[in-house]
Amino acid sequence: MTYNPFQKIKSAENYSEKEILELLESASNSYLYDYLIDRLYFYRPNKKNNTVKDYSILTARQYMDRLKREKKISEKCT
């Protein structure tokens, strides 16, 4: 099991700009960097998600990978 050092990170309001930059620099790979951004700016632990979503939330990297795959597929079809 891989250890994620950013599991207990709070939202960005709890850190100064300098601390956030240090955290981002300490992310050793793209997965941890994306996870840290999501955790700092999008994750809300006190807000329960009981509603049915009409769309899924993707990380920035997942979204870009998806666009690349769709572009490759559309190029093959033409």
Side-chain angles (χ1 to χ4, degrees):
M1 185 167 149
T2 305
Y3 172 71
N4 184 343
F6 302 121
Q7 286 179 325
K8 303 212 182 223
I9 294 292
K10 298 177 184 174
S11 65
E13 294 90 31
N14 296 307
Y15 301 100
S16 68
E17 188 173 331
K18 182 180 178 184
E19 290 172 319
I20 291 174
L21 290 174
E22 289 172 358
L23 285 169
L24 291 172
E25 289 173 0
S26 69
S28 58
N29 61 42
S30 61
Y31 167 77
L32 290 177
Y33 183 85
D34 287 346
Y35 181 86
L36 183 59
I37 294 292
D38 290 342
R39 190 78 179 190
L40 285 169
Y41 297 104
F42 301 114
Y43 178 69
R44 298 292 175 248
N46 299 331
K47 187 174 182 180
K48 291 188 176 185
N49 186 8
N50 296 341
T51 61
V52 176
K53 290 188 176 185
D54 293 334
Y55 58 92
S56 64
I57 297 175
L58 301 175
T59 64
R61 187 164 310 282
Q62 289 172 324
Y63 180 71
M64 291 304 295
D65 289 344
R66 181 178 173 185
L67 288 178
K68 288 177 188 176
R69 282 194 308 272
E70 289 174 354
K71 183 177 179 182
K72 286 180 184 177
I73 291 170
S74 66
E75 288 174 353
K76 288 180 182 178
C77 293
T78 57

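- When the side chain to side chain contact (heavy atoms under 4.5 Å, CB included) test is applied to Lys8, no partner is found at least two apart in sequence or on another chain.
- Inter-residue side-chain proximity for Arg69 and Lys72 is flagged as unmet; no heavy-atom pair is nearer than 4.5 Å.
- Taking CD of Gln62 as the start and CZ of Arg66 as the end, the distance is 10.0 Å to the nearest 0.5 Å.
- Remark: Glu13 engages no residue in a salt bridge (Lys or Arg N to Asp or Glu O under 4.0 Å) (not counting sequence neighbours).
- Among pairs with a residue in residues 18-37, those fulfilling salt bridge (charged side-chain N to carboxylate O under 4.0 Å, His left out) read Asp34-Arg61, at least two apart in sequence or across chains.
- In the hydrophobic clustering, Leu40 connects to Phe6, Ile9, Tyr15, Ile20, Leu23, Leu24, Tyr31, Leu32, Tyr33, Tyr35, Leu36, Ile37, Tyr41, Phe42, either directly or through intervening members, whenever side-chain heavy atoms lie under 4.5 Å apart.
- Few gaps surround CD on Glu70; more than 12 heavy atoms of other groups in view lie less than 6.0 Å from it.
- When all heavy atoms of Arg39 and Gln7 are compared, the closest pair comes out as NH2-O, 2.7 Å.
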